[in-house]
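Values in this document were obtained by computation on a predicted structure and should not be read as measured data.
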Amino acid sequence: MSFRTTFIIIIILGGIAATYFLFFDKPTENTSKDDKPKIFETYDLPREEVQKVRLSYADDAYQTLTVVKNTDGMWQLTTPFEAHADNAKVNEMLDDFVNKRIRQTLEVSEYDQYGLENPTIKIELWKAPEGSPKIFLIGKKGINYAVYTKEQSEAHIFLIESSALDDLSKSPTDIRDKSVIRFNPDTITEIQFQKPEAFSCRKEGDIWKMTHPLSVNADTDKIEYILSELHALQVSTFEADGENVTPLLEKYGLDKPHIQFILKDGNKIYGLDIGSAVPSTEDQNDPDKQNVYVKSVHQDGIYTVTDDIIQLFNKSMFDLRDKRVLDFQRGDTTKFEIRRGAQKVVGIKLDKDTWQLQNAEKTVADPQVVSNLLFGVDSLEAVEFVTDSPKNLALYGLDQPKMQVIFTIRGEEKPAVLLIGNYTKDNTVYVKANNSEQITRVKRDLINKIAKGVAWLRNKQIFKFSIDDPTQVTVKYNDGSQEYDGVQFTCQRLGTNWRLTSPVQENANNAEVNTLLYGLIDLKAEEFVGEPFGGGKNQLPNATTGFNLPQIQITVELRVQKVFILQIGKIDASGRHYGRLQNKPNQIFLLNAEVIPKLKKKLEWLRATEEE
């Protein structure tokens with residue numbers, strides 16, 4: 001065979017080989033990332049089946065860590081000390097390792113050059129705490145962001161992402177649960193406050209009761225708030241654990257703690273002592289945010305936490321006692337009665353939002369005020385518990401109460417009754433529920449309103465007509481001002497329009513007249529005065545009210561042959577104007593000074609423009 005022929009054959013074979021390698025033979029390094037197996041797939045180590053983990057380090061700066069799942073499926077640190085671990089962080093650390101893909105497997109005879117004779121990290125994983133672990137050694141970094149790794153029992157080594165070094169380099173604090181106390185607020189059944197005041201509360205059903213030294217209702221909402229806030233409170237720093245705790249107690253004010261409490265959850269007991277404040281430093285991020293030292297009794301550790309915990313647990317019996325005086329279903333109340341001596345005010349519920357006062361006129365009550373009465377009495381709280389076993393009710397004016405507020409409840413045999421006794425010098429009053437021996441003092445604010453009877457409860461709307469009802473409006477001003485004093489005018493409705501009839505006869509400005517009428521329709525009294533408790537007759541002298549020469553008098557005649565005459569008199573000591581309807585001279589009320597300008601009109605404003 002000639003050289004030329006041989007050369008041609010070589011070229012052809014070279015082309016075939018190049019074509020094969022180019023199109024058919026893909027190198028292992030170019031296989032897709034998803035085709036490379038993960039550690040958990042190769043070694044049958046799904047993260048959720050791992051029950052125990054131990055991490056050991058060549059670097060003495062890191063402590064050997066062991067975490068074990070307890071019977072509740074929660075991770076616990078067992079070395080270098082016992083503590084709760086952060087479930088999410090341990091699971092994340094495990095996910096980061098067992099989900100690493102094995103990039104390449106290498107058959108080697110010597111391990112030292114790969115850092116595997118004295119590995120940087122050794123991680124041991126147990127699927128059963130009492131069984132044998134899978135042990136992985138992590139050595140030196142390789143090229144392309146990889147690190148050499150070996151399963152201890154195998155001869156070959158493999159490469160995984162070098163991020164495993166960071167993922168597994170953990171201190172106890174990194175994976176420790178930072179909850180001050182790890183517990184379920186819903187399952188706590190008892191709280192024992194030992195300092196600053198000793199008392200206990202126990203949960204009965206959905207309600208908390210105080211059990212020592214008194215057997216009374218506790219404030220359920222406040223206790224549940226305390227538990228919720230404690231559950232969310234995080235450790236700022238971990239100071240000491242285990243055998244290192246005792247020598248530091250005096251230094252941190254924990255030998256004689258200011259606050260001590262215990263929580264009980266079935267057979268589980270959690271305790272915390274609160275000691276001294278952590279000294280402030282110049283580089284402190286928030287100088288107003290103080291930390292305090294606390295000692296975990298159930299885990300034997302010293303931590304620092306924000307001083308929010310002091311506000312939570314620096315409680316007295318009074319703080320956590322249920323302070324409500326009368327407990328009743330205000331939404332099911334169908335009738336209320338206020339008695340003061342021989343006088344009484346009765347309110348009957350007609351429908352959802354309508355109450356009628358059963359006085360001589362059967363006055364409609366103000367629904368918001370009735371709501372304030374019901375809510376106010378239902379939420380009335382003691383400012384002091386006077387006695388739980390009174391021997392002489394007369395001492396408090398409760399043998400013959402100054403007032404009684406009686407609520408009839410749908411579906412209840414007996415009414416709920418609030419007894420109101422003597423007033424004290426410190427702006428409080430003695431009260432008692434009819435079905436309780438407990439006497440308390442409460443603030444007078446609500447009681448003072450109740451004492452006004454009909455004057456407080458009645459509807460404060462002055463007029464009851466719509467914008468189309470009036471047929472004539474007459475206004476007189478005698479306020480002593482240069483602008484309005486002596487001004488008087490009358491407007492008459494003609495069809496849908498208004499016409500001035502006095503002091504001139506011409507078309508009126510409809511918008512201005514209607515603005516005045518809308519002001520009257522919206523007019524509400526702030527308060528009725530000069531009216532006795534039950535709504536009988538009473539009068540204030542004209543010298544006080546100024547009704548002998550009203551500053552404003554507005555007469556409105558309606559289509560139904562009804563006439564209203566509003567008189568607005570002098571200003572009282574609080575800056576409000578006395579007012580009344582002339583046909584009801586004994587029902588005097590007070591008007592906010594801000595509404596008065598809306599009732600003042602100048603004649604030139606009322607005259608129609610050319611366009612009208």
Does Q329 CD have over 12 foreign heavy atoms under 6.0 Å away? no
May I ask you to check whether over 12 heavy atoms, not counting those of K335, lie within 6.0 Å of atom NZ? no
State whether R202 and E204 are salt-bridged, where the test is any N-O pair (Lys NZ or Arg NE/NH1/NH2 against Asp/Glu carboxylate O) under 4.0 Å. no
Begin with the C-alpha distance, continue with both residues' side-chain angles, and end with the deciding distance and a verdict on side-chain contact (heavy atoms from CB on, under 4.5 Å) for I188 and W208. CA-CA 11 Å; I188 295 296; W208 281 88; 4.1 Å; yes
For residues I554 and I552, determine if any side-chain heavy atom of one lies less than 4.5 Å from a side-chain heavy atom of the other. yes
State, with a plain yes or no, whether a side-chain heavy atom of L326 is found less than 4.5 Å away from one of R324. no
Determine whether I462 and L520 make a side-chain contact, defined as any pair of heavy atoms from C-beta on separated by less than 4.5 Å. no
Separation between NZ of K344 and CD of Q358, rounded to the nearest 0.5 Å: 10.0 Å
Do Y423 and R444 have side-chain heavy atoms sitting under 4.5 Å apart? yes
For the residue pair F193 and F313, does the interplanar ring angle fall in the parallel (under 30°), tilted (30 to 60°) or perpendicular (over 60°) class? tilted
Taking C-beta and beyond as the side chain, do Y477 and K600 meet within less than 4.5 Å on heavy atoms? yes
Is a side-chain N or O of Q290 found less than 3.5 angstrom from the main chain of V278, in a donor-acceptor match? yes
Minimum heavy-atom separation for V429 and G421, please, with both atom names. CG2-O, 3.5 Å
To the nearest 0.5 angstrom, please state how far the SG atom of C201 sits from the CD1 atom of I223. 4.0 Å
Candidate pair E412 and R410, rule salt bridge (charged side-chain N to carboxylate O under 4.0 Å, His left out), full reasoning: CA-CA 6 Å; E412 299 287 339; R410 184 186 300 108; over 6 Å; no
Any side-chain donor paired with an acceptor under 3.5 Å for D366 and N459? no
Around D206, counting heavy atoms of other residues, nucleotides and ligands shown, do more than 12 lie under 6.0 Å from its CG? no
Which pair of heavy atoms, one from V235 and one from S179, lies closest together, and at what distance? CG2-O, 4.0 Å
So does K178 have more than 12 non-hydrogen atoms from other groups sitting under 6.0 Å from NZ? yes
Closest non-hydrogen atom pair between D265 and Y270, with its separation: CB-CE1, 4.1 Å
I would like to know whether K460 and E526 meet salt bridge (charged side-chain N to carboxylate O under 4.0 Å, His left out); could you show each step before the answer? CA-CA 7 Å; K460 306 299 190 298; E526 281 206 341; over 6 Å; no
Residues 565-573 side chain polar contacts: donor-acceptor under 3.5 Å, at least two apart:
residue : atom : partner : partner atom : Å
Q567    : OE1  : R580    : NE           : 2.8
Q567    : OE1  : R580    : NH2          : 3.1
Q567    : NE2  : Q553    : OE1          : 2.9
K570    : NZ   : A543    : O            : 2.9
D572    : OD1  : S574    : N            : 3.0
D572    : OD1  : S574    : OG           : 2.8
D572    : OD1  : G575    : N            : 3.1
D572    : OD1  : R576    : N            : 2.9
D572    : OD2  : S574    : OG           : 2.9

When rounded to the nearest 0.5 angstrom, what is the spacing between OG1 in T333 and CD1 in I406? 13.0 Å
Within 6.0 angstrom of K476 NZ, more than 12 heavy atoms from elsewhere: no
Report the distance from atom CG of L312 to atom OG of S228, rounding to the nearest 0.5 Å. 9.5 Å
Presence of salt bridge, K562 and D469, under 4.0 angstrom: no
Can you tell me how far apart OG (S436) and CG (L419) are? Round to the nearest 0.5 Å. 10.0 Å
Taking 4.0 angstrom as the limit, do E506 and R607 come out as a salt bridge? yes
May I have the step-by-step check of ring pair (Phe, Tyr, Trp, His ring centres under 6.0 Å) for F407 and F336, ending in yes or no? CA-CA 5 Å; F407 300 97; F336 66 83; 7.1 Å; no
Ion pair E483/K602, N-O distance below 4.0 Å: yes
Do we see a donor-acceptor contact under 3.5 Å between the side chains of N478 and Q551? no
Any donor and acceptor pair, going by atom type alone, linking the side chain of T544 with main-chain N or O of L540 inside 3.5 Å? no
Contact between D307 and N291 at the side-chain level, heavy atoms closer than 4.5 Å - yes or no? no
Measuring only between side-chain heavy atoms, which start at C-beta, is V346 closer than 4.5 Å to L357? no
Quiz item: cation-pi between R330 and F375, 6.0 Å / 45°: no
For the residue pair C491 and A508, what are the closest heavy atoms and their distance? SG-CB, 4.5 Å
Please say whether more than 12 non-hydrogen atoms of neighbouring residues, nucleotides or ligands are located less than 6.0 Å from NZ in K195. yes
I need the single residue from Q438, K323, K209 that forms a side-chain hydrogen bond (donor to acceptor under 3.5 Å, both in side chains) with N217. Which is it? K209
Which label fits F463 and F564: parallel for a plane angle under 30°, tilted from 30 to 60°, or perpendicular past 60°? perpendicular
Any chance CD of Q505 has more than 12 other-residue heavy atoms, nucleotides or ligands included, within less than 6.0 Å? no
Electrostatic pair K203-E190, nearest N-O below 4.0 angstrom: no
Within the 3.5 Å criterion, strictly below it, is a donor on T474 or T490 matched to an acceptor on the partner's side chain? yes
Are the side chains of L590 and F528 in contact, using a 4.5 Å heavy-atom criterion? no
Which side-chain N or O atoms in residues 386-405 pair as donor and acceptor under 3.5 Å with protein atoms at least two apart or in another chain?
residue : atom : partner : partner atom : Å
T387    : OG1  : S389    : N            : 3.1
D388    : OD1  : R321    : NH2          : 2.7
D388    : OD2  : R321    : NH2          : 3.2
N392    : OD1  : A394    : N            : 3.1
K402    : NZ   : N422    : OD1          : 2.6

Is it the case that the side chains of Y225 and D219 hold a donor-acceptor pair, with the cut-off being a distance below 3.5 Å and no angle test? no
Derivation of the side chain to side chain donor-acceptor pair (under 3.5 Å) call for S466 and D468: CA-CA 6 Å; S466 66; D468 296 325; 5.3 Å; no
Carboxylate-amine/guanidinium contact R441 D426, below 4.0 Å: yes
Is it true that, when you exclude Q234 itself, more than 12 heavy atoms of the residues, nucleotides or ligands shown sit nearer than 6.0 Å to its CD? yes
So how far is it from R340 CZ to I420 CD1, rounded to the nearest 0.5 Å? 10.5 Å
Is it true that D445 and K443 have a side-chain N and a carboxylate O under 4.0 angstrom from each other? no
Least distance between heavy atoms, M317 atom then M210 atom: O-CE, 3.6 Å
Can you name the closest pair of heavy atoms from P185 and L227 and give their distance? O-CD1, 3.9 Å
H231: partners by ring pair (Phe, Tyr, Trp, His ring centres under 6.0 Å), with sequence neighbours left out: F183
